[in-house]
Structure formats: structure tokens, C-alpha cells
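Right, one structure below, let's go through it.
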Amino acid sequence: MFNWQQLLGRTGKGTIVLVTISVLVSLLTWWGRNEYTQWIIFDWQAILSGEIWRLVSPIFLHFMIASLPIHLLFNMMWLWDLGGSIEKAKNWNYLILLVLIIGIGSNLVQYFGNQIMYGEVFASYRIFGGMSGVVYGLLGFLFVRRRFDPFFPVRLNDAIMKFMLFWLVLGFTGLIGNIANLAHLSGLILGAGLGYFTAKTKKF
């Protein structure tokens, strides 16, 4: 019999809120296919005009893959596991701050990176979304934090890191379609940087 208490016991309210928002936004936009999507996507000109929620809102937007919600399901599984571990070790404020920093940073890199790489056909690559950049950031955070702070209570299994790095590299080959590779890579780097900084300062 499935044990809901055990599942909920592995995470905290911050992680649950992030998962809930992701599910609601994905449904509200109908997987990025209706008019509400335009209020969620990253739009630099709109941000400069005051719509600052767009800096982070794309992390909650998920798309269908082969007519299945695989994008959302896999991201939420990793978020529940990695985010829940961090929240249990620290607190929900700590997790939310990490998510905001990594989410905004990876969105900026994805948007302006696409603009630089694709130039005139940039519009075709303007819509992106998903919690993957944040997930890679949390992965990088845990990996580096534990390496430089052996007393940090969460240890990331090396096999998980190798598995996720394999998928990161695979994404850049183009074999699994058009995905937000720059958000994944920059999220990982940002998370690793935060892991190193917090390990060295010992204030966080």
C-alpha cells in the first residue's frame, strides 16, 4: 500500500508550494498552448516595463512530450527529491531563495543566449520553460556544498550526478529535441557556485 505520510515526510512546505505552482501553471496554460502562456514566458521588454514576474515564471511552465506530461513529471520528481532534501537540511526560506537565484539566472542565460545564437530567427526559440534549470542548479549545489563542507547533512549520490550529466550532454547533441540546454548548463554552474560560496562562508 502506498504510504503518503512517508512521501510527504521527505519534503517540506516550500517544495510542495513549488510543485503545486508548477502543476497549476502547466494546466492553466494547457502545457504552453493557450493564450495564458503569453503572461508566463520570459519577455525582456515586458520585464523592463515592470512585469518582473517574468524573470522567474518560466520555471513553472512545462510542455507536453509525445502528448504526455513527462516534462512536468520528471522535473517534479527531481524537485521533490533534491529540493526536499535541501529544505529538510535548512528551511523553506533557504530553498526558495536558491530556486529564485538559480531560476532567474538560468532564464536570463537561456533568453539572451538564444538571442545571440539564433539572431533573426530568435522568435522561434523565444518560448522556453521548465524547472530543469533549477533542478540542475540544486544538483550542482548539493554536489559542491558537500565536497567543501563535509558536515552538510545531505550527501548526493555520485551515480545521480553522473546520470544527470549524461542527460545534460545528450541535450546538447540535439537527439532529444529542442530543449533549454543553456538553462540546464547555467543552472548547474550557478548552483555549484552557490554551493561553494555557502560552504566557504559557513553563514548559510
Side-chain angles (χ1 to χ4, degrees), residues 11-26 28-29 32 37 39-63 71-72 74-114 126-146 149 152 154 156 164 168 180-204:
T11 192
K13 61 182 179 181
T15 308
I16 293 172
V17 167
L18 292 171
V19 169
T20 301
I21 295 174
S22 297
V23 172
L24 291 176
V25 168
S26 297
L28 176 66
T29 60
T37 306
W39 288 94
I40 305 297
I41 62 173
F42 195 103
D43 185 325
W44 186 242
Q45 293 305 315
I47 291 168
L48 293 178
S49 298
E51 298 179 10
I52 58 173
W53 68 83
R54 294 179 184 271
L55 284 168
V56 69
S57 58
I59 70 173
F60 300 111
L61 175 65
H62 290 81
F63 308 101
H71 189 206
L72 177 67
F74 275 92
N75 277 345
M76 294 307 99
M77 286 170 56
W78 285 112
L79 177 61
W80 193 272
D81 185 41
L82 301 175
S85 297
I86 293 172
E87 186 174 1
K88 285 292 183 180
K90 293 293 187 175
N91 53 57
W92 71 269
N93 311 70
Y94 193 94
L95 173 65
I96 296 299
L97 182 60
L98 284 179
V99 169
L100 287 175
I101 294 172
I102 297 167
I104 291 172
S106 59
N107 282 340
L108 284 166
V109 171
Q110 181 66 37
Y111 180 85
F112 287 107
N114 277 354
R126 192 169 61 89
I127 298 179
F128 60 87
M131 193 66 72
S132 304
V134 170
V135 166
Y136 271 102
L138 298 181
L139 186 84
F141 173 83
L142 286 174
F143 184 81
V144 174
R145 178 63 189 261
R146 179 74 180 199
D149 178 9
F152 190 71
V154 183
L156 184 69
M164 293 296 281
L168 178 68
N181 292 307
L182 293 178
H184 297 174
L185 179 59
S186 60
L188 181 68
I189 294 171
L190 275 168
L194 288 168
Y196 181 80
F197 173 75
T198 55
K200 289 299 183 180
T201 59
K202 295 293 194 299
K203 294 180 179 179
F204 304 97

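Quick caveat: nothing in here was measured; it's all calculated off a predicted structure.
Atom OG of S132 is separated from atom CD of Q110 by 10.5 Å, given to the nearest 0.5 angstrom. A distance of 10.5 Å separates OG1 in T201 from OH in Y196, rounded to the nearest 0.5 Å. Atom-to-atom distance recorded for W92:CH2 and K13:NZ is 6.0 Å, nearest 0.5 angstrom. Of the inter-residue distances, the one linking L139 atom CG with L168 atom CG reads 9.5 Å to the nearest 0.5 angstrom. N91 contributes atom CG, which lies 10.0 Å from atom CD1 of I96 (distance to the nearest 0.5 angstrom). Separating the OG atom in S26 from the CD1 atom in I21 is a distance of 11.5 Å, to the nearest 0.5 Å.
Of all heavy-atom pairs spanning R145 and G195, the tightest one is CD-O, 3.6 Å. Minimum heavy-atom separation, A89 to V154: CB-CG2, 3.6 Å. Nearest heavy atoms, L82 versus L138: CB-CB, 4.2 Å. Residues A183 and S106 share a closest heavy-atom pair of O-CB, 3.5 Å. The two residues M76 and V19 have their closest heavy-atom pair at SD-CA, 3.7 Å. Nearest heavy atom pair, residue G130 against residue H62, reads CA-NE2, 3.6 Å.
Using a 30° and 60° split on the angle between ring planes, F112 and F42 fall in the perpendicular class, above 60°. Between F152 and F141, the two ring planes are perpendicular [angle over 60°; tilted spans 30° to 60°].
Checked against N107 for a side-chain contact (heavy atoms from CB on, under 4.5 Å), the options V134, L55, I59 give a single hit: I59. Paired with T20 under the rule side-chain contact (heavy atoms from CB on, under 4.5 Å), one option of L18, L24, V23, V17 passes, and it is L24.
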Could you check T37 against W39 for side-chain contact (heavy atoms from CB on, under 4.5 Å), going step by step and ending with a plain yes or no? CA-CA 5 Å; T37 306; W39 288 94; over 6 Å; no
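A donor-acceptor pair under 3.5 Å is formed between the side chain of R54 and the backbone N or O of I41. In this structure a side-chain-to-backbone donor-acceptor pair under 3.5 Å is present from E87 to G14.
Atom CZ of F197 has 12 or fewer heavy atoms from other residues, nucleotides or ligands within 6.0 Å. For I52, the CD1 atom sits in a loose shell: 12 or fewer heavy atoms of surrounding residues, nucleotides or ligands are nearer than 6.0 Å.
Inter-residue side-chain proximity for N181 and L185 is flagged as unmet; no heavy-atom pair is nearer than 4.5 Å. Counting only heavy atoms from C-beta outward, the side chains of W80 and N75 never approach each other to under 4.5 Å.
Residues W78 and Y136 place their aromatic rings such that the two centres sit no closer than 6.0 Å.
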